[in-house]
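Let me begin by presenting the structure, written as structure tokens, before commenting on it.
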Amino acid sequence: MKKIIASAIGLALVGGVAVTASAEVESQFGGYWRTRLIYQDNMKGTDASYGVAADNDTGSYSRVDNRTRLYYTAKFNDSFKFVNKFEFNSNWGDANGGDIGADGDTFKVKNSYADFTLGNVQTKLGIQGASIGRDFIFSDDFSGAYVNMKFGMVEVPLMWIRPDSVDGGGKENDRDYLVAQARIKINDTFKVQPYFLYDVKSDLDFDQEWENWYLGLDVDMKMDALSAWGTFIYNGGSIQTDIYNDNDNKGYLLAAGVDAGIAHGQVFYATGDEDGALGEDAFKLPQGASYYWSEIMGLGTFDNTASNGAPGDQISNIMAINAGVTLKPMDKMTLKGDIWYAMLAEDDAAGNDKLGTELDAKLTYALMDNLNLDLVLAYLFADDATGGEDVLETGARFSLSF
């Protein structure tokens, strides 16, 4: 009987501790949901090769898809939290969650990391997301470490990103990004951010050495009626593989943009190499680069594929210029119109370089709090590097954030 009483008291004490511990943790929930209806015509074709012009007469494509993201954060105090983000995807009618009976197994862990601050140093360890070089060289989730040291108007973030680690029969074939940045707030108008990304890979199985690096600078200016930005990135280092054959890199990217309320625009240029090859002069992208721009050539709202010949979100071997307007005719409605012209920095294998002129229109309407509807209509007047057929994209997106 004494043992039973002692056990009961022990369980009560454990339960009390558990209740006390959970009461000290603030649980924060959030998420994102969307359903998209997509229609595309002549979007993708056969790449140009052997001196033959690209053919993008590929007919139409349509799809309806779902995405759900659920967020959970355990906040222990203002300096310590545990962040998690989960994702579920399906296409209407597919065999993995989109058919009769549903029961999909598309569960994904997007983020799971500890975020803690000691003094003036913030640290994140685990699966997390980051943007480097205004997304031109990195914008993705990764496994690694982030350390940000704050000194008044200056922050110094450091990152270790592990894109790949393979055990090749006893030989470690690793790839690492080592990143150093400095965020400097000069005043309320100007901010500058220099950064350096060192991409190193050692593949002992195939005797490949990869020492690729990026030195960049982002500049931001914000005034009452105008904001502007600029980015310069130089790609150096050397790559020795079966494809690159010990190239000394010397590519670069230039980009700038302006937003004056109703009007906006941007331009960017990234070097390429002759015949579309990634030779010394080409701006080579690390894994994880993702810069969205136009709806058709630059992935845009629906982001399932880019038009034939266009780089999509991988900004290399291209020059593009944009002008647009943003109108708000009522509180719940926003209208946005853009015109884009793009061409390759170097000719493709068929000797073509002009991608074409794209017109984009997007209407966003707040159906209710947190629930939006986006309607998109885009048309690309195709030129020689895209193919002989113009490209159409249209669709709708319902999205919910909470």
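On a predicted model such as this, the values are computed, not experimentally measured, just so you know.
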- Message: Could you check whether any side-chain N or O of Q128 sits under 3.5 Å from a backbone N or O of N111, counting only pairs where one atom can act as donor and the other as acceptor?
- Response: no

- Task: Mind running side chain to side chain contact (heavy atoms under 4.5 Å, CB included) on N89 and D65 for me, showing each step along the way?
- Result: CA-CA 8 Å; N89 294 305; D65 61 25; over 6 Å; no

- Ring geometry between Y198 and F196 (parallel below 30°, tilted from 30 to 60°, perpendicular above 60°): parallel

Donor-acceptor pairs under 3.5 angstrom involving side-chain atoms of residues 152-160: please list them, not counting sequence neighbours.
{"residue": "E155", "atom": "OE1", "partner": "N148", "partner atom": "ND2", "Å": "2.9"}
{"residue": "E155", "atom": "OE1", "partner": "R183", "partner atom": "NH1", "Å": "3.3"}
{"residue": "W160", "atom": "NE1", "partner": "D176", "partner atom": "OD1", "Å": "2.8"}

- Kindly state whether the ring of F86 and the ring of F88 have centres lying under 6.0 angstrom apart. no

- Any sub-3.5 Å donor-acceptor pair from Y214's side-chain atoms to K284's backbone N or O? yes

- Message: For T386 and N308, which I'm curious about, is there any donor-acceptor pair between the side chains at under 3.5 Å?
- Response: no

- Counterpart residues, side-chain contact (heavy atoms from CB on, under 4.5 Å), relative to Y234 (two or more places apart): W213, F232, K250, Y252

- Query: Does the pair F402 and W33 meet the rule for a side chain to side chain contact (heavy atoms under 4.5 Å, CB included), with working shown?
  - Reply: CA-CA 9 Å; F402 62 95; W33 165 88; 5.8 Å; no

- Message: Using only atom types and a distance under 3.5 Å, with no angle test, would you say the side chain of T271 pairs donor to acceptor with the backbone of D281?
- Response: yes

- Task: Using modelled atom types only, decide if a donor and an acceptor are shared between the side chain of S60 and the backbone of Q40 within a distance under 3.5 Å.
- Result: no

- Query: When rounded to the nearest 0.5 angstrom, what distance separates CG in L367 from OG in S399?
  - Reply: 9.0 Å

- Any pair with a residue in residues 97-115 that passes salt bridge (charged side-chain N to carboxylate O under 4.0 Å, His left out), sequence neighbours left out, goes on the list, sorted by first then second residue, please. K110-D141

- Message: salt bridge (charged side-chain N to carboxylate O under 4.0 Å, His left out) for K185 and D188? Distances and angles first, verdict last.
- Response: CA-CA 7 Å; K185 182 179 179 182; D188 290 338; 3.5 Å; yes

- Message: Once rounded to the nearest 0.5 Å, what's the spacing between atom CZ of F142 and atom OH of Y177?
- Response: 11.5 Å

- Item | Qualifying residues under side-chain contact (heavy atoms from CB on, under 4.5 Å), relative to S143, sequence neighbours excluded | I127

- Item | Residues, nucleotides or ligands: over 12 heavy atoms within 6.0 Å of K81 NZ | no

- Can you name the side chain to side chain donor-acceptor pair (under 3.5 Å) partners of D374, sequence neighbours left out? T364, R397

- Item | D360 (side chain) donor-acceptor with E295 (main chain) under 3.5 angstrom | yes

- Aromatic rings F29 and Y72: how do their planes relate, parallel, tilted or perpendicular, breaks at 30° and 60°? tilted

- For D174, does its backbone N or O pair with a side-chain atom of R162 as donor and acceptor, under 3.5 Å? no

- Task: Taking side-chain contact (heavy atoms from CB on, under 4.5 Å) as the test, write out the residues that go with D135, two or more places apart.
- Result: S131, S139, Y291

- Between the side chain of S307 and the main-chain N/O of A310, is any donor-acceptor distance below 3.5 Å? no

- Query: Is any side-chain heavy atom of D218 closer than 4.5 Å to a side-chain heavy atom of Y195?
  - Reply: yes

- Query: If only atom types and distance count, is the side chain of D383 paired as donor or acceptor with the main-chain N or O of L355 below 3.5 Å?
  - Reply: no

- Side-chain donor-acceptor contact under 3.5 Å, N235 with N212: yes

- Message: Applying salt bridge (charged side-chain N to carboxylate O under 4.0 Å, His left out) to K354 and D384, what does each step give before you reach the verdict?
- Response: CA-CA 6 Å; K354 297 178 179 62; D384 52 14; 5.3 Å; no

- Verify, without hydrogens or angle tests, whether E358 (side chain) and M297 (backbone) share a donor-acceptor contact under 3.5 angstrom. yes

- May I ask you to decide if G98's main-chain N or O and S90's side chain share a donor-acceptor pair within less than 3.5 Å? no

- side chain to side chain contact (heavy atoms under 4.5 Å, CB included) evaluation trace for N66 with W92: CA-CA 8 Å; N66 300 319; W92 287 20; 3.0 Å; yes

